[in-house]
Amino acid sequence: MTEMTQASNLALHRQLLRQSLEDKQGFWYQAAGLLDWSRPADRVLDDSQAPFYRWFSGGELNTCYNAVDRHVLAGRGEQTAIAYVSPLAGKEYSISYRELLAEVRRLAGYMRSIGVTKGDRVIIYMPMVPETAFAMLACARIGAVHSVVFGGFAASELATRIEDAKPKLVLSASCGIEPAGVVPYKPLLDAALDLSRHKVPHCLILGRSQYQAELVPGRDQDWQQALAGAGDAECVALAATDPLYILYTSGTTGQPKGVVRDNGGHAVALAWSMSNIYDIGAGEVFWAASDVGWVVGHSYIVYGPLLVGATTLMYEGKPVGTPDPGAFWRTIEKYRVKSFFTAPTAIRAIKREDPQGLYAAGHDLACLGAVFLAGERCDPDTLSWATQTLDKPVIDHWWQTETGWPVAANLMGVAPVAIKPGSPALPVPGYRVEVLNEQGEAVGANVPGNLVIKLPLPPGTLCTLWQNDRRYTDSYLSMYPGYYLTGDAGYLDEEGYLYVMSRIDDIINVAGHRLSTGRFEEVLCQHPDVAEAAVIGVEDKLKGQVPLGLVVLKSGVQTRDEILYQELIALVRQQIGPVASFRLVSAVQKLPKTRSGKILRGTMRKIADNQDYTPPATLEDPLSLALVRAALTRLGYADALVRASAEQLP
Ligand code: COA
Ligand code: AMP
């Protein structure tokens, strides 16, 4: 990029940002024109109940209509809406907008026939199959509020979400398919329904040929049979402020947070982001290689691309091993993908198996405009390998389940700026990002602090937590009045580029999956031999971070370590799910704490990752740190001293 282009694009980005903050009404009124409304909004930004801001109040629309029906009416019926590629199931086919409309209409008709209406909750616990997208859109069509639960979660996690959302219907499939084999979902669903105090009257089960599920008479229905007898349902007009979905995400306690998204603001923000950030318009192909169970899947596998009439690629497979590290590049070439979105961990997995990038070299990637990475910090090595291997712009961008769409990104569709490794570029229009110290004072350029966003948040961000306004304000708005606390720490440089460095709370990021260490600790403490547990996220070359548990045993416990460790690993897998990737655990005599009893997880993490640290003055017992260091070294961490002495050997 020439200096002149950089200067003018940087100026344009800043101008859009300024305009979005100084004239919120005007900026988002214009963006709302990207959609079809059955009633225009009375107020673009309604602050009458601040800090519960509402966007487009008085307006009415239907998200499904905007994502499906209107494209058919506009003559795009024969265009591919969803290209489904499943190396795991050995299937690959395309669904046109016309076919999508027929599927969604029928599924919505079935839902209505069993009494699901506006405001009812529907849980979707499904693998990466097109029916999952049909299910989300069918809910949107009739105003039911969906909550998709990621397939890698265990029955008890699903049960927690069922209890909180109290669904009238659960949609599931007989199984998911992972490289290691078939994962039967239906038995997990049955176990979750047994665990939950909320009794779900209806379950609709998609039978997949890889696993035959048993149906419970009176409650469960087979997907194909049920739909064969159902009528069609048309879109209902919904208030822009009506909830579209709840998506549970890890908080700092074991109880997940139910992020609530509205219809109007969500559709406007996503439509705006597709063209301005991802440079995607109608008829173009977009691929987010994530899972519908995560926010990336909601925003950029299902809603974003469909809202703008693009083709979305839905992939049931992995970056490597299904069958090889060329899977992404082959698929991009075959489907002419223009913008591709994945997590840095997926690139690391490919790099590990194909360091020379030979698989990429074998494909014609001329169609590809840019690669977008998010979900975790993108280390400069990964960025540089992907850039050199693909010879395309590789765009780090930063966001979270709560925001629903990027907070900081390079606006590839309107004002691409120079890439600075380690930075997801500048705050996106709509977001006033600031860096505050513990006292709530703004810090200067390049000084790290807590990343916060000045209220109101832009459209598309969370409205509240499901039936828990109090937790919403306590978790996000109370630390710095007038600001939303992102939970991330970082800094802004002198040009306004943002750097996101770490979390400030007990959330860890494992292969782009967000998990709560508090939940791990709860599970470990369920073991009868464990008195106390601390879990930290330690660095991992592939997954970014992995959880590591240290447990203090009850006095007098004689269990052999190895047996105990296997039991603890199995317990976490059974209670949280395989996605936890929990394999590192050790017993210690005591945990390092302050005199007031606070466990020093941050200090332990620094020891594990060989970072400098200063033991706090309030440390209760200095020996505890030495004990932890010894345990971490046994697990292959905190090995700087060991490595240093090995390097000194002749
Ligand atoms: N249903 C059931 N089980 C699932 C699952 C699902 N939808 N998704 C993952 N799992 C299981 C896996 O089979 C694995 O189980 P195992 O312990 O028996 O092997 C476990 O959960 C961990 O899965 P995963 O995180 O995928 O790790 P992996 O070691 O199998 O693969 C990567 C490593 C890097 C290839 C993989 O993590 C990856 O593709 N990451 C991309 C991340 C991503 O897209 N994140 C979304 C945010 S943008
Ligand atoms: P999730 O809610 O699962 O999307 O996780 C959001 C969290 O992932 C953020 O709060 C960050 O901690 C981290 N994250 C996501 N994207 C990035 C990024 N580009 N750079 C640094 N951290 C990121």
Side-chain angles (χ1 to χ4, degrees), residues 88 125-128 132 149-154 173 175-185 188 247-251 257 259 288-301 315-322 325 327-328 341-353 372-379 383 395-404 406-409 422-425 451 462 485-490 498-505 507-515 537 540-546 569 573 576-583:
L88 285 167
Y125 181 61
M126 294 187 60
M128 284 290 288
T132 310
V149 179
F150 175 60
F153 279 126
C175 65
I177 312 170
E178 284 292 299
V182 167
V183 182
Y185 277 26
L188 292 171
L247 178 57
Y248 289 91
T249 189
S250 299
K257 292 168 166 170
V259 165
S290 178
D291 188 289
V292 270
W294 306 115
V295 70
V296 177
H298 282 62
S299 297
Y300 296 114
I301 294 175
Y315 179 74
E316 189 185 39
K318 300 274 170 174
V320 294
T322 59
F328 278 1
F341 181 159
T342 188
T345 189
I347 301 290
R348 289 195 294 270
I350 296 172
K351 179 183 165 199
R352 194 166 72 167
E353 294 203 5
F372 293 84
L373 300 179
E376 59 181 310
R377 180 172 153 70
C378 180
D379 51 290
L383 186 90
I395 308 300
D396 179 14
H397 61 324
W398 169 61
W399 49 299
Q400 28 181 228
T401 306
E402 289 85 344
T403 66
V407 182
S423 167
L451 296 177
L462 81 170
L485 183 72
T486 65
D488 285 309
L498 188 70
Y499 290 76
V500 183
M501 306 308 290
S502 59
R503 289 289 303 190
I504 58 168
D505 53 18
I507 283 172
I508 58 171
N509 200 313
V510 181
H513 309 323
R514 170 170 159 180
L515 300 165
D540 181 79
K541 281 201 166 62
L542 175 66
K543 299 194 174 189
Q545 279 187 313
V546 286
I569 289 167
R573 191 177 173 92
I576 301 181
V579 67
S581 296
F582 183 69
R583 295 194 175 85

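Every number for a ligand or one of its atoms is a count from 1 in the order of the listing. Please read all numbers here as calculations on a predicted model, not as lab measurements.
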Undergrad: Tell me if a side-chain donor or acceptor on Ser502 pairs with a main-chain N or O of Ala489 at a distance below 3.5 Å.
TA: no

Undergrad: For the 3.5 Å polar cut-off, considering only N or O atoms, please tell me whether Ser290 and ligand 1 meet it.
TA: no

Undergrad: Can you tell me how far the NE2 atom of His397 sits from the OG atom of Ser423, to the nearest 0.5 Å?
TA: 13.0 Å

Undergrad: So, Asp396 side chain and Gly422 main chain: donor-acceptor pair closer than 3.5 Å or not?
TA: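 Here the side-chain-to-backbone pair does not exist.
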
Undergrad: Any donor-acceptor pair under 3.5 Å linking the side chain of Glu402 with the backbone of Leu462?
TA: no

Undergrad: Heavy-atom contacts under 4.0 Å between Ala289 and ligand 1: side chain, backbone, both, or neither?
TA: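 Ala289 to ligand 1: backbone contact only, side chain stays beyond 4.0 Å.
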
Undergrad: Does some non-hydrogen atom of Pro127 fall short of 4.0 Å from ligand 1?
TA: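 Flag not set, Pro127 not near ligand 1.
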
Undergrad: I need the Cys378 SG to Leu383 CG distance, nearest 0.5 Å.
TA: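 Reported to 0.5 Å precision, the distance equals 4.5 Å.
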
Undergrad: Heavy atom under 4.0 Å from ligand 2: found in Asp396's side chain, backbone, both, or neither?
TA: side chain

Undergrad: Examine the proximity of ligand 1 to Lys543 and report which part, side chain or backbone, both or neither, has a heavy atom under 4.0 Å away.
TA: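 Answer for Lys543: side chain.
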
Undergrad: Which one holds for Asn509 and ligand 2: side chain close, backbone close, both close, or neither close, with close meaning a heavy atom under 4.0 Å?
TA: side chain

Undergrad: Measuring from atom 16 (P) of ligand 1, which candidate in Arg573, Glu178, Arg352 has the nearest non-hydrogen atom?
TA: Arg573

Undergrad: Which is closest to atom 18 (C) of ligand 2 by heavy-atom distance: Arg514, Gln400, Glu376?
TA: Glu376

Undergrad: For ligand 1, note which part of Ala511 has a heavy atom under 4.0 Å away: side chain, backbone, both or neither.
TA: both

Undergrad: Considering heavy atoms of the protein only, find what lies nearest to atom 10 (O) of ligand 2 and give residue, atom and distance to 0.1 Å.
TA: Asp488 OD2, 2.6 Å

Undergrad: For ligand 2, is there an atom lying under 4.0 Å from some heavy atom of Gly375?
TA: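 Flag set, Gly375 near ligand 2.
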
Undergrad: Please state whether Arg348 comes within less than 4.0 angstrom of ligand 1, counting heavy atoms only.
TA: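 False for this residue.
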
Undergrad: Please list the nearest protein heavy atom to atom 30 (O) of ligand 1 with its residue and the distance rounded to 0.1 Å.
TA: Lys318 NZ, 3.8 Å

Undergrad: For atom 34 (C) of ligand 1, is there a protein heavy atom at a distance under 4.0 Å?
TA: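 Yes, because at least one protein heavy atom sits under 4.0 Å from atom 34 (C) of ligand 1.
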
Undergrad: Can you tell me how far apart OH (Tyr315) and CZ (Phe328) are? Round to the nearest 0.5 Å.
TA: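 Interatomic distance, Tyr315 OH to Phe328 CZ, rounded to 0.5 Å: 6.0 Å.
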
Undergrad: Counting only heavy atoms closer than 4.0 Å, does ligand 2 sit against the backbone of Thr401, its side chain, both, or neither?
TA: both

Undergrad: Tell me, which protein residue and heavy-atom name are nearest atom 48 (S) of ligand 1, and how many Å apart are they?
TA: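 Answer, as residue, atom name and distance: Val296 CG2, 3.6 Å.
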
Undergrad: Side chain, backbone, both or neither: which part of Met128 comes within less than 4.0 Å of ligand 1 when only heavy atoms are counted?
TA: neither

Undergrad: Describe, in one word, how the ring planes of His513 and Trp294 are oriented to each other, choosing from parallel (under 30°), tilted (30 to 60°) and perpendicular (over 60°).
TA: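 The rings of His513 and Trp294 lie parallel, inter-plane angle below 30°.
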
Undergrad: State, yes or no, whether a side-chain contact exists between Asp291 and Met128 at a heavy-atom distance under 4.5 Å.
TA: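 Yes, side chains in contact.
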
Undergrad: Is there a side-chain contact (heavy atoms from CB on, under 4.5 Å) between Val296 and Trp399 once you walk through the steps?
TA: CA-CA 10 Å; Val296 177; Trp399 49 299; 3.8 Å; yes

Undergrad: Identify, for atom 25 (O) of ligand 1, the protein heavy atom at the shortest distance, and state residue, atom and that distance.
TA: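 I find the closest protein heavy atom is His513 NE2, 3.3 Å.
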
Undergrad: Do you see a protein non-hydrogen atom under 4.0 Å from atom 6 (C) of ligand 1?
TA: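 Looking at atom 6 (C) of ligand 1, one finds that a protein heavy atom does lie closer than 4.0 Å.
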
Undergrad: Considering only the protein, which heavy-atom contact is closest to atom 41 (C) of ligand 1, and what is its distance?
TA: Thr345 CG2, 3.7 Å

Undergrad: Any nitrogen or oxygen of Ser581, side chain or backbone, less than 3.5 Å from one on ligand 1?
TA: no

Undergrad: Taking non-hydrogen atoms only, is Asp291 closer than 4.0 angstrom to ligand 1 via side chain, backbone, both or neither?
TA: side chain

Undergrad: Atom 14 (C) of ligand 1: which of Pro578, Gly297, Cys175 has the nearest heavy atom?
TA: Pro578

Undergrad: Donor-acceptor check, side chain of Thr132 to backbone of Pro127, threshold 3.5 angstrom: yes or no?
TA: yes

Undergrad: How long is the straight-line distance from CZ of Arg377 back to CD of Gln545, given to the nearest 0.5 Å?
TA: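 Between atom CD of Gln545 and atom CZ of Arg377 there are 12.0 Å.
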
Undergrad: Can you tell me if Arg573 uses its side chain to pair, donor with acceptor, with the backbone of Phe582 under 3.5 Å?
TA: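 Between the backbone of Phe582 and the side chain of Arg573 there is no qualifying donor-acceptor contact (under 3.5 Å).
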
Undergrad: Can a non-hydrogen atom of Glu316 be found less than 4.0 Å from any atom of ligand 1?
TA: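 Contact check Glu316 vs ligand 1: negative.
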
Undergrad: Is the closest heavy-atom distance from Gly375 to ligand 1 below 4.0 Å?
TA: no

Undergrad: For Trp294 and ligand 2, answer yes if some heavy atom of the residue is under 4.0 Å from a ligand atom, otherwise no.
TA: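 Checking ligand 2 against Trp294, which is what was asked, there is no heavy-atom contact under 4.0 Å.
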
Undergrad: Is any N or O atom of Trp294, backbone or side chain, closer than 3.5 Å to an N or O atom of ligand 1?
TA: no

Undergrad: Is the contact between Tyr125 and ligand 1 made by the side chain, the backbone, both, or neither, using heavy atoms and a 4.0 Å cut-off?
TA: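 The answer is neither.
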
Undergrad: Look up atom OG1 in Thr322 and atom CD in Glu178, then write down how far apart they are to the nearest 0.5 Å.
TA: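 Separation between the atoms: 10.0 Å.
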
Undergrad: Over 60° means perpendicular and under 30° means parallel, so tell me whether Tyr300 and Phe341 are parallel, tilted or perpendicular.
TA: tilted

Undergrad: So, does Glu376 use its side chain to make a donor-acceptor pair with the main chain of Ala343 at under 3.5 Å?
TA: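 Judged by distance alone, no pair lies under 3.5 Å.
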
Undergrad: Side chain or backbone of Glu353 under 4.0 Å from ligand 1, or both, or neither, by non-hydrogen atoms?
TA: neither

Undergrad: Check whether Thr345 reaches the backbone of Gly512 with its side chain - one donor and one acceptor, N or O, closer than 3.5 Å.
TA: no

